[in-house]
Amino acid sequence: MTERPSDADDPTKRDRYLKRRRFLAAAGSVGAAGLLAGCQAQEGPGQAENNTTATTATTVNTTATTAETETPTTTTEPGSLQERYPGLRILSPEPENAEAAERATYTTMITPIQEFYIRNHYPTPSIDEGDWSISLTGAFDQTTDLSVETLKREFPRTTVFHALQCSGNGRSYFVPQVGGNQWSFGAVGNAEWTGVPVSAVLQRYGADTADGMWASFMGGEAPEGEDIFTRSIPMQKAMDDCILAYEMNGEPLPSDHGFPVRLVVPGWYGNNNVKWVNRIHVMDMMVFGDQWEESADQRTYTHWQQYSYRIIPEEDDAAEQYQSIDVFDTQDQMDAPDQIRNAYVYDQLVKSLIGFPGEGSTVSTGPSGTIEVVGVAWAGDDNVDAVEISTDAGETWEQAEFLEPNLGTFSWRLFRYVWEPDSGEYTLYSRATDDQGRTQPATVSDPSENLRGIQDDQFPWNQDGYCNTAYEPHGVDVTVQ
Ligand SMILES: Nc1nc2c(c(=O)[nH]1)N[C@H]1C(S)=C(S)[C@@H](COP(=O)(O)O)O[C@H]1N2
Ligand SMILES: [Mo]
């Protein structure tokens, strides 16, 4: 059993994954151990054999079946994806996957929707807002179907600036290459998100919001037979600052970004920000174990939470599954593999991008003989503290300055560095540091190192190519005027 469940981007990997999962299910070994209340399951999927006693010993209803909404048809918006989003480079037209094509996207505070990356596992659904509702299930005093209309009318409205980045951003720089969409730098954007605080909804319907509880958000777009896109968010985070968003940059949420309602998890990687939300389930664990492996119609709720979006070094066959964890900061998880063997991709690691001059560009100094290097930096739900620029391929580093305004912890910050170069070819780097003193590393490690966290200035190569923050050489050709 050497096959490893993995990201479904690659159809052959996906087939292998499904085959393996069916095999494990037949052997009765998929995650069964973790249903026992209170015990943190440490078993990998292959080590939980013989557990025939798995029952709902948890204190809440874990039943994975509610009224399944009909699978929506795919979007019918006019024009091709490229026509609708001229600022994007298309990786796949269906499902829609596209990243910012130009470095210039990283010179502005707010990313226009035409330049904002799109990442879908399944095609964008066509949804009639009037027909859409969110089922609240599990540990609520009152389980209900919440219509979008009620959500908009009867709940408070709030706004957050949040830099949303796909955890696969920078995957294409991994050597050796890993499967999946080959994102370069462009799978990140900064937007203003408006909607209802998740806390208001949970409180109104009497959810158990104690620490240690989890809220699992499910997407309603999976075609028949496909796994439900589900992410389990720890209750502390859900109550703190998460939003059920219905507007992006002051406009109704576009279909491709989750219309009519998506989860926004400020500071956390894109994969947590579930689009087309149609169910929120509250219980005392993540989606985990038998009941969540197979719903009535044979699809799992666990794939995108337990198998995908995990940091898996070369030596591991599969991600170890946990029923619950209590360290959420992704880098903290990566730094303590004795506690969580394969980090869950939650909050974003500190990162920066140079927006101007573009890589590979020829650029002239202004009349003053200077070039203003501009870019963006962010640090998930931590703050970004400093950005340094090197114009000599990493030999020396200079401080960049931040521009105002500061739109809060979860937004990116714009930076600039005034550079006085001679004519010639240069390799630039930018490198950001967060308020915990954590800095972007210089390279991605070799797989044989089997790193689990950032060590010796190396980012850990991992099987699905997640969270890459290593800074990349940025060549520019300068002419002094
Ligand atoms: N329902 C659902 N939600 C989803 C996804 C998905 O495929 N289905 N993709 C996730 C991933 S991996 C990312 S990076 C972000 C992308 O959000 P965007 O397309 O609005 O940029 O959405 C997340 N939410
Ligand atoms: Mo993603």
Side-chain angles (χ1 to χ4, degrees), residues 7-9 14 69 71-72 74-75 81 84-85 87-88 90-92 94-100 105 111-125 127 132 134 162-171 180-183 186-193 195 216-223 226-233 242-249 251-280 299 301 303-305 307-310 330 344-346 348 380 464-468:
D7 201 288
D9 287 334
R14 179 73 184 147
T69 24
T71 301
T74 53
T75 185
L81 194 62
R84 283 184 285 135
Y85 301 99
L88 297 181
I90 312 296
L91 280 75
S92 72
E94 200 182 283
E96 295 84 349
N97 283 294
E99 66 175 334
T105 294
T111 309
I113 284 165
Q114 292 185 334
E115 298 169 26
F116 202 104
Y117 84 98
I118 300 166
R119 199 279 176 263
N120 280 357
H121 290 290
Y122 314 121
T124 291
I127 294 171
W132 201 252
I134 303 176
H162 158 58
L164 183 77
Q165 179 188 210
C166 180
S167 46
N169 200 26
R171 173 185 289 152
N181 286 304
Q182 294 301 306
W183 306 105
V188 55
N190 197 42
E192 178 187 13
W193 306 94
S216 295
F217 295 80
M218 295 158 197
E221 90 286 18
E226 299 286 354
D227 299 328
I228 310 291
F229 191 90
T230 305
R231 293 293 300 174
S232 297
I233 306 297
C242 290
I243 291 178
L244 289 165
Y246 48 77
E247 285 177 16
M248 179 178 182
N249 293 350
E251 296 174 32
L253 200 58
S255 298
D256 294 308
H257 296 290
F259 178 85
V261 60
R262 87 173 303 169
L263 178 66
V264 168
V265 188
W268 289 26
Y269 280 105
N271 54 287
N272 298 290
N273 295 246
V274 177
K275 302 192 274 190
W276 315 293
V277 172
N278 74 347
R279 182 177 170 196
I280 305 172
R299 36 200 191 166
Y301 287 79
H303 177 74
W304 303 110
Q305 175 66 26
Y307 297 88
S308 205
Y309 303 118
R310 307 294 302 277
T330 307
Y344 290 82
V345 172
Y346 278 155
Q348 297 180 60
D464 292 327
Y466 294 132
C467 304
N468 185 8

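For clarity, every value in this text was computed on a predicted model and none was experimentally measured. Atoms within each ligand, like the ligands themselves, are counted from 1 in listed order.
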_Closest heavy-atom pair and its distance - Arg299, Glu226_ = CD-O, 2.8 Å
*Can you name the closest pair of heavy atoms from Leu263 and Asn272 and give their distance?*
CD2-O, 3.4 Å
*How about Trp193 and Arg262: do any of their side-chain heavy atoms sit closer than 4.5 Å?*
yes
*Test side-chain hydrogen bond (donor to acceptor under 3.5 Å, both in side chains) applied to Thr105 and Gln114, Glu115, Glu99, the passing residue*: Glu115
Under a 3.5 Å threshold, I'd like every N/O contact between ligand 1 and protein atoms, with atom names and distance.
from     : atom 1 : to     : atom 2 : distance (Å)
ligand 1 : 1 (N)  : Glu221 : OE1    : 3.1
ligand 1 : 1 (N)  : Glu221 : OE2    : 3.1
ligand 1 : 1 (N)  : Lys275 : O      : 3.0
ligand 1 : 3 (N)  : Lys275 : N      : 2.9
ligand 1 : 7 (O)  : His121 : N      : 2.9
ligand 1 : 8 (N)  : Glu221 : OE2    : 2.6
ligand 1 : 9 (N)  : Arg119 : O      : 3.3
ligand 1 : 17 (O) : Arg262 : NH2    : 3.1
ligand 1 : 19 (O) : Arg119 : N      : 3.0
ligand 1 : 19 (O) : Lys275 : NZ     : 2.5
ligand 1 : 20 (O) : His257 : ND1    : 2.6
ligand 1 : 20 (O) : Arg262 : NH1    : 2.7
ligand 1 : 21 (O) : Tyr117 : O      : 2.8
ligand 1 : 22 (O) : Arg262 : NH2    : 3.3
ligand 1 : 24 (N) : Asn273 : O      : 3.0

*asked:* Once rounded to the nearest 0.5 Å, what's the spacing between atom CD1 of Ile233 and atom OG of Ser216?
replied: 8.0 Å
*With under 30° as parallel and over 60° as perpendicular, where do the rings of Tyr309 and His121 fit, or are they tilted in between?*
perpendicular
